[in-house]
Amino acid sequence: MAKARIVYYCQSCGTESAKWMGQCPSCKEWNTFVEEAMPEKRGAKAAAYSGHKVKATKLKDIEASEEGRVSTGMAELDRVLGGGIVPGSMILVGGDPGIGKSTLLLQVCRNLAGQNRDVLYISGEESLQQIKIRAQRIGQFGDTLSLLCETNLDAIDAIVRDEQPQVVVIDSIQTMYNENIASAPGSVSQVRESTGSLMALAKGLGVAVFVIGHVTKEGVVAGPRVLEHMVDTVLYFEGDRHAAYRILRGVKNRFGSTNEIGVFEMCSGGLREVENPSEFMLGGKPEGASGSVVACSIEGSRPILLEVQALVCHSNFGMPRRTAAGTDFNRVNLLMAVLEKRVGLKMGNCDAYVNIAGGIKMNEPAIDLGIVLALVSSYKNRAIDENTICFGEIGLSGEVRAVHMAEQRVLEAKKLGFTACVLPEASRAALHGIDGIRLIGVKSVKDAIDLAI
Ligand code: TYD
Ligand code: MG
């Protein structure tokens, strides 16, 4: 009998090695190698090609229509998916424990069952009773939803082929296992093999498969990176555990744009869609406080207004502290350097804390102007008019550069009752026919500070 081979896999990127290593040579992560029994010898027969003929198809002969997409009944989720579920696609939903992944997908199942579509929800984590209790909180379910508690992939394969549902939900990929592989569920080879067989199921039968994935403490889906490469769509469900709202972000999408976000609120009866996130983000904004500015960021195709807060105070130690929550730390340092050098503000011996209110993460350069105005407002201890919003990218020479979709941003601000908008002069010059809101075009950070503060 052949001796079972032991191999070591990096849990972060899936690199295979014959011996244990402290640091992964490919992704440079430390302590990620774990021992696993080698899966059945693959490729032994690969040397002999069976010789069966394959044929390529002309592009013009392939028919594809957008009509095949199935609405999930949640506009926010549909938008992130690029207009609905594509039959035969595999969608990975990642997120922290307790963020609401199971709830979201159970609600999707409810909506699909409401459209009389056959849906199969397979849970490896909860019992049928637990799912029922959750379902009772969410509401009325149609008759076409079936539940199954199973972790064996061969059994799952058989039942899906047998019942041929239109949508399958797998709650969570880390609990699934394949009998042919010796290692424990959740290990690299199990996750990879499970994803592979679910993928074959999705493509072969044309069923859409939603897969829930846990994330590691660094915030990426646990298991090898290959998992993300294999599936068609990767969505991350994120949000502050202490706040009620949740953001669903598309990070990969073979059938749509990846920048879209969907905003939800966790209520006692499940997740509720938030149609106007700006209003939601600005709730609780202080009035007349220094260091608080409303900025506008575009997420996908939608403008979102958000509050940028800054606190600048004298540092008691030689080395000032800087923190940035919800935005890029290095960007904040860069903007402070611009203020120091181009505007002449002496911030070198000040502590500075920047925060995007509500715990949301925004990295669009257009919020630069918001960060700068918040910092200066706090530094000078002078509040900015609370009916003013601002947006614009800042360059290293202190210039305020044009940003895209200026019109949508201005209209969103107007819709929410703001009366003035500080924006790059180049963007202002390109805007025509907007009234009801005062547009203040600025060319440099210095202008913006003089006009706004
Ligand atoms: P869950 O979907 O189980 O999270 P995950 O599958 O991502 O681990 O969400 C559980 C949390 O959501 C839990 O803290 C309770 C809360 N919740 C509500 O607030 N309202 C509800 O209607 C439901 C079903 C859950
Ligand atoms: Mg769950």
Side-chain angles (χ1 to χ4, degrees), residues 72-74 76-77 80-81 90-114 119-142 145-151 153 156 167-177 185-186 190-191 194-195 198 209-223 227-228 231 233-251 261-274 280 283 358-361:
T72 58
M74 293 173 135
E76 296 287 307
L77 177 57
V80 179
L81 288 173
M90 190 157 168
I91 301 143
L92 174 68
V93 181
D96 288 331
I99 201 88
K101 302 180 293 297
S102 308
T103 308
L104 176 75
L105 290 186
L106 199 60
Q107 275 180 266
V108 170
C109 290
R110 178 196 59 186
N111 295 348
L112 291 171
V119 190
L120 177 60
Y121 184 99
I122 303 172
S123 176
E125 303 203 326
E126 289 156 310
S127 68
L128 292 177
Q129 287 75 18
Q130 284 169 321
I131 301 173
K132 177 81 186 180
I133 293 170
R134 189 199 307 271
Q136 279 168 343
R137 292 179 74 170
I138 293 175
Q140 283 294 318
F141 279 71
L145 169 66
S146 330
L147 298 179
L148 172 70
C149 287
E150 184 57 68
T151 53
L153 266 169
I156 291 173
V167 178
V168 175
V169 175
I170 305 282
D171 192 353
S172 73
I173 190 77
Q174 278 88 7
T175 55
M176 298 295 148
Y177 80 98
Q190 285 285 10
V191 168
S194 309
T195 314
L198 289 170
V209 180
F210 279 93
V211 174
I212 293 180
H214 292 286
V215 296
T216 59
K217 58 180 185 303
E218 287 83 34
V220 295
V221 173
L227 178 58
E228 290 189 16
V231 300
T233 304
V234 181
L235 309 179
Y236 272 99
F237 210 27
E238 60 187 40
D240 193 348
R241 277 187 67 106
H242 308 291
Y245 73 86
R246 307 276 186 266
I247 290 172
L248 188 68
R249 200 182 281 278
V251 282
I261 65 168
V263 185
F264 296 88
E265 186 185 4
M266 185 62 99
C267 311
S268 58
L271 289 161
R272 194 178 63 81
E273 294 173 66
V274 176
F280 202 72
I360 188 170
K361 290 193 191 71

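Sequence positions, counted from 1, serve as the residue numbers for this chain. The analysis underlying the following values was restricted to heavy atoms, covering all of them including side chains, and did not include hydrogens, waters or symmetry mates. One-based numbering, in listed order, for ligands and for the atoms of each.
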Name of the residue among I170, I212, V231 meeting side chain to side chain contact (heavy atoms under 4.5 Å, CB included) with L92: V231

Contact summary for V209 and L198, nearest pair of heavy atoms: CG2-O, 4.4 Å

Option from I247, V274, L104 for which side chain to side chain contact (heavy atoms under 4.5 Å, CB included) with F264 holds: L104

Top protein contact for atom 6 (O) of ligand 1, by heavy-atom distance: S102 OG, 2.5 Å

Under 3.5 Å donor-acceptor, Q107 side chain and G270 backbone: no

Partner set under salt bridge (Lys or Arg N to Asp or Glu O under 4.0 Å) for E125, not counting sequence neighbours: none

Selection residues 128-139 - residue pairs positive for salt bridge (charged side-chain N to carboxylate O under 4.0 Å, His left out), sequence neighbours left out: E126-R134

Flag, side chain of R110 to backbone of G139, donor-acceptor distance under 3.5 Å: no

Partner residues of E76 under the salt bridge (Lys or Arg N to Asp or Glu O under 4.0 Å) criterion, sequence neighbours left out: R79, R302

Atoms in ligand 1 with a heavy atom of I99 nearer than 4.0 Å: 4 (O), 7 (O)

Nearest heavy atoms of H214 and S172, plus distance in Å: NE2-OG, 3.4 Å

Test item: L128 and C149 side chains (from C-beta on) under 4.5 Å apart, heavy atoms: yes

Which residue and heavy atom of the protein sit nearest atom 2 (O) of ligand 1, plus the separation: T103 OG1, 2.6 Å

Per-atom contacts of ligand 1 with G269, taking only distances under 4.0 Å to non-hydrogen atoms: 22 (O)

Heavy-atom nearest neighbour in the protein, as seen from atom 16 (C) of ligand 1, with distance rounded to 0.1 Å: M266 CE, 3.9 Å

Contact bool for atom 21 (C) of ligand 1 (protein heavy atom, d < 4.0 Å): yes

Numbered atoms and elements of ligand 1 in range of P97, under 4.0 angstrom, heavy atoms: 8 (O)

Closest protein heavy atom to atom 4 (O) of ligand 1, given as residue, atom name and distance to 0.1 Å: G100 N, 3.1 Å

Ligand 1 contact on R134 by region, counting heavy-atom pairs under 4.0 Å: side chain

Whether R246 side chain and I99 backbone form a donor-acceptor pair below 3.5 Å: yes

Atom 8 (O) of ligand 1: the protein heavy-atom neighbour that sits closest, reported with distance to 0.1 Å: G98 N, 2.7 Å

Residue and atom name of the nearest protein heavy atom (relative to atom 15 (C) of ligand 1), distance in Å to one decimal: R137 NH1, 4.5 Å

Neighbouring protein N, O or S atoms of the Mg ion (ligand 2) [cut-off: under 2.8 Å, no waters]: S102 OG

Per-atom contacts, ligand 1 versus C267 - under 4.0 Å to a heavy atom: 18 (C), 19 (O), 20 (N), 21 (C), 22 (O)

Pairwise side-chain contact, T195 with V211, heavy-atom cut-off 4.5 Å (strictly under): no

Contact with ligand 1 for S268, non-hydrogen, under 4.0 angstrom: yes

